[in-house]
Structures are given as structure tokens and as C-alpha cells.
Amino acid sequence: MKSKQLTFARQYRGYTQTELAKAVDGLSQSNLSKFEKGLGSLSDSVLKRIMELLRFPIEFLDLDIDNTVVCKHYRKKASIRVSDRDRIDRFVALCAYCFDWMTDEVEIPEFKFKYMDLENGITPEEAALYVRKQFRLGLKPIENICNILESNGVTMFFWNCPYEEFDGVSLISDKGNHLVVVNKNMSNDRIRYSLAHELGHIIMHQSCDIFVPESRDKEDEANRFAAELLMPADGIKHSLDGLKLKDAKTLKQYWLTSMYSILLRAKKLGKIDERRFISQRTEMSRYGWLKKEPVEVFIDEPVIIRKSYELITKGLNYDNVQMAQTMKLPLDIIKDVFDFKQNVIYLKQRV
């Protein structure tokens with residue numbers, strides 16, 4: 001167990017085995033590699049020096065944090081370094097660990113979404129429509145998407161993420177809690193789409209009772225789910241005939257989705273042909289809108305983690321130092337996870 005936790009701390013701080021071995025007296029890369037593989041041992045004094053360098057308490061080695069991140073959503077997966085992906089995974093795992101710790105003290109909403117087995121012939125679009133039917137959303141835009149997810153057992157964390165390639169991840173934590181972590185530095189329409197995308201992963205891909213063959217394209221399924229959830233075909237298709245960019249801008253304000261996703265929807269539903277789609281996309285590129293679209297849309301605020309933190313700090317009189325000691329984590333991680341000024345987006349009221 002200590003070997004796994006040491007690897008965790010090393011990757012979180014961004015060290016390679018070679019870099020760490022060079023920085024710690026009495027540690028060789030070979031011995032470190034064997035230890036992390038569970039094939040060797042390190043003395044208590046060497047372990048102490050390692051953890052001091054990594055700025056983790058020695059007690060961290062006694063934990064068993066897994067919180068495996070399976071469904072990861074990147075905009076430019078090929079361009080992000082392996083070390084950065086490792087750190088993202090580790091930060092997400094720590095968020096889940098902190099959230100799990102809070103749920104021992106605070107009650108959270110139960111999970112009410114229904115898992116969908118696509119091997120039984122259900123399509124991603126049908127899964128999305130079932131969610132709309134289950135929660136009586138009709139065919140209108142979903143305004144309070146955060147509230148819908150959180151009140152039904154999917155907690156969200158908006159991360160002030162330093163990696164622009166990262167969109168979001170979803171996971172079931174070690175204690176069985178559903179958590180979605182998204183990059184709060186994206187536009188609101190992108191955040192909303194990422195939340196819908198990750199909900200698709202949760203419903204279609206994350207049940208331990210449902211087998212998902214490797215041959216299936218899970219990212220495509222989550223994209224199809226998100227498109228139907230946010231822009232149901234029967235609700236939007238009549239607005240897409242001969243779609244023009246000015247129409248996409250107006251529809252964005254109504255559906256709270258990006259202009260580009262509306263263009264894709266029009267193409268998918270056969271309302272514009274490939275030639276018109278390419279023409280509209282080229283025009284968006286000329287205006288610089290493929291990088292930053294005009295008009296920001298509304299998104300509501302996730303509240304479960306913030307309110308849980310307030311109950312623990314104000315109701316149970318914990319401070320960050322006590323939380324760090326109790327959770328056996330560095331204080332800087334506690335501050336990063338619970339820095340709500342950094343990890344919350346600036347919201348715009350819907351007109």
C-alpha cells in the first residue's frame with residue numbers, strides 16, 4: 001500500500017522516478033522503481049526524506065486512495081503530456097477523497113439516475129430522453145443543470161484547472177459517490193456540455209453491473225447523449241431548417257449551448273448538408289469564433305461541496321489545518337480543493 005501512495009504523491013508533485021532519486025539522499029532510481037512496483041523496500045529514514053521533499057505527511061503512506069478515473073474528456077488529448085495527465089488524475093482522486101471524507105459527516109442526496117445498458121438495444125439518444133422524462137424536463141432547454149445533477153446524486157466540482165486541454169472527468173469514488181470534475185476556465189456553454197457528456201458516461205458506462213465492450217466508442221456515445229439531452233431532436237429540429245450563423249447565435253441564447261454544437265446538431269438531424277456545414281464552420285473560423293464564441297450563456301452554481309465544507313467548518317468547528325491533519329493530506333491540497341473563490345465560475349443571470 002505504501003508503494004502505491006508514494007507513487008501517488010510523486011506524480012501529484014510532478015516528479016519522475018529519476019528526478020526524485022536525484023533529489024533525495026540515499027535513494028537510487030532502481031530502488032525507487034522496485035519499491036513502487038512492490039518488489040523492494042526502503043528504509044524509514046529514506047521514506048521520511050522522500051515525503052518531506054514531496055511535502056506530504058508521512059501518514060499519507062498509510063492511506064489507500066484509489067478513486068480511479070476512467071472516463072476522461074480532453075479537447076486535445078494528443079497534446080497534453082503524460083505527466084500532466086497523471087497530475088490531473090491525482091488531483092481528481094484527491095477531490096474525491098476529500099468529498100468522501102466530508103460525506104462521513106454530512107448527508108448528501110442519493111443517486112436517482114438510472115443506469116442504461118446499451119447492449120440491450122438502447123441508444124444514447126434514448127438514454128438522454130429517459131433522463132428528460134424521469135425528471136419531467138420536457139423538450140425545453142435545461143437551465144439549472146447543476147441543480148438537476150446535484151439534487152439527484154451527482155456532485156460537481158468546478159476546478160480552476162491550469163491545463164486548457166482538460167474538459168472534465170466523472171468517477172464513482174472509493175465510497176461509491178458520484179463526482180464530476182470540470183475545468184471552470186471553459187466557457188459556460190462548454191461547461192454545460194461537459195456536464196451532460198459526463199452524465200452520459202455515468203449512466204451508460206460506469207455501473208459495475210453493466211458490461212461495456214472495449215469495441216464501443218464511449219466518447220461518441222457520451223457526445224450523442226449530451227447532444228440529445230441538451231438539444232432534444234423533437235424540440236430543436238424545426239428551428240434548424242437552412243440554419244445560418246445569425247440563427248445559431250439566437251439559438252445559442254435559447255438552448256444555452258454553443259453555436260458550433262448547434263451547427264453539428266443541424267447537420268446530424270439532416271437540416272443542413274455537409275457543404276453548408278463546412279461553409280458555416282469556415283465563417284466561424286474567420287471571425288475567430290471556433291476559439292471564442294460571442295455571447296456567454298447562463299449556468300447555475302454547484303453547491304454540495306461548498307455547503308458541506310461550510311457545515312464542517314462552521315458547524316463542527318474544523319479549520320483547514322485540522323482537516324489536513326485528519327485526512328493526512330498536505331495543507332496546500334486542502335486549500336486548493338476548498339478555494340471556492342478560485343474554483344467557482346462567474347455566473348450570468350439568464351435574461
Side-chain angles (χ1 to χ4, degrees), residues 65-71 73 92-117 127-138 140-159 168-182 184 188 191-210 222 225-226 229-230 256 298-316 318 323 327 337-340 343-345 347 350:
I65 300 176
D66 191 7
N67 292 321
T68 302
V69 176
V70 177
C71 298
H73 190 198
V92 170
L94 288 169
C95 287
Y97 171 71
C98 292
F99 180 54
D100 277 350
W101 180 83
M102 290 195 298
T103 61
D104 288 338
E105 308 292 341
V106 176
E107 186 175 352
I108 62 171
E110 65 176 305
F111 184 73
K112 296 177 185 175
F113 291 94
K114 179 180 173 58
Y115 293 122
M116 299 284 181
D117 187 354
L129 290 176
Y130 182 89
V131 171
R132 280 187 163 268
K133 181 178 180 181
Q134 181 183 5
F135 299 107
R136 300 179 181 178
L137 301 176
K140 296 181 179 180
I142 299 176
E143 293 191 13
N144 298 323
I145 189 169
C146 293
N147 176 262
I148 290 170
L149 267 65
E150 289 207 315
S151 62
N152 293 292
V154 177
T155 299
M156 280 163 292
F157 181 84
F158 283 4
W159 178 23
V169 300
S170 54
L171 73 154
I172 300 177
S173 73
D174 291 342
K175 290 189 176 179
N177 295 309
H178 289 269
L179 181 68
V180 173
V181 179
V182 295
K184 75 105 181 176
N188 285 359
I191 293 174
R192 290 171 56 85
Y193 186 86
S194 291
L195 293 176
H197 178 100
E198 297 306 329
L199 179 62
H201 279 311
I202 289 171
I203 289 174
M204 299 183 294
H205 307 138
Q206 293 185 5
S207 170
C208 60
D209 297 322
I210 295 176
F225 174 94
L229 183 71
L230 297 176
L256 308 176
F298 168 81
I299 189 170
D300 55 327
E301 179 185 358
V303 298
I304 295 294
I305 290 180
R306 178 176 59 80
K307 287 187 175 180
S308 297
Y309 176 79
E310 290 173 354
L311 284 170
I312 287 172
T313 54
K314 296 177 182 179
L316 301 179
Y318 274 88
M323 290 175 69
M327 284 190 262
V337 171
F338 297 112
D339 186 353
F340 297 106
N343 291 330
V344 73
I345 59 174
L347 307 177
R350 179 134 198 222

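Model, not experiment: these values are computed from the prediction.
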Heavy-atom donor-acceptor pair, [X] side chain to [Y] backbone, under 3.5 Å:
X    : Y    : answer
D300 : N147 : yes
R192 : I145 : no
E198 : V180 : no
Q206 : H178 : no

Measuring from [X]:[atom1] to [Y]:[atom2], what's the distance to the nearest 0.5 Å?
X    : Y    : atom1 : atom2 : value
I202 : H197 : CD1   : NE2   : 11.0 Å
I299 : E301 : CD1   : CD    : 10.5 Å
F135 : N152 : CZ    : CG    : 4.0 Å
L230 : I142 : CG    : CD1   : 5.5 Å
L229 : L129 : CG    : CG    : 8.5 Å

Of the non-hydrogen atoms in [X] and [Y], which two are nearest, and what is the gap between them?
X    : Y    : answer
N67  : A93  : ND2-O, 2.9 Å
K114 : Q134 : N-OE1, 4.0 Å
I191 : V182 : CG2-CG2, 4.1 Å
L149 : L195 : CD2-O, 4.2 Å
P302 : F158 : CD-CE2, 3.5 Å
F113 : V131 : CE2-CG1, 4.0 Å

Considering residues at least two apart in sequence or located in another chain, which fulfil the side chain to side chain contact (heavy atoms under 4.5 Å, CB included) criterion with S207?
-> Y115, D209, I210
Any [X] side-chain heavy atom under 4.5 Å of [Y] side chain:
X    : Y    : value
I203 : Y130 : no
V154 : F111 : yes
M156 : I304 : no
Y309 : V337 : no
E150 : V303 : yes
F338 : T313 : no

So H205 and H201, would you call those rings parallel, tilted or perpendicular, with 30° and 60° as cut-offs?
-> tilted
Tabulate below the donor-acceptor pairs under 3.5 Å that side-chain atoms of residues 94-110 make, not counting sequence neighbours, or state none.
| from | atom 1 | to | atom 2 | distance (Å) |
| --- | --- | --- | --- | --- |
| Y97 | OH | M327 | O | 2.7 |
| D100 | OD1 | S173 | OG | 2.7 |
| D100 | OD1 | N177 | ND2 | 2.7 |
| D100 | OD2 | S173 | OG | 3.1 |
| D100 | OD2 | K175 | N | 3.2 |
| T103 | OG1 | D100 | O | 2.6 |
| D104 | OD1 | K175 | NZ | 3.1 |
| D104 | OD2 | K175 | NZ | 2.5 |

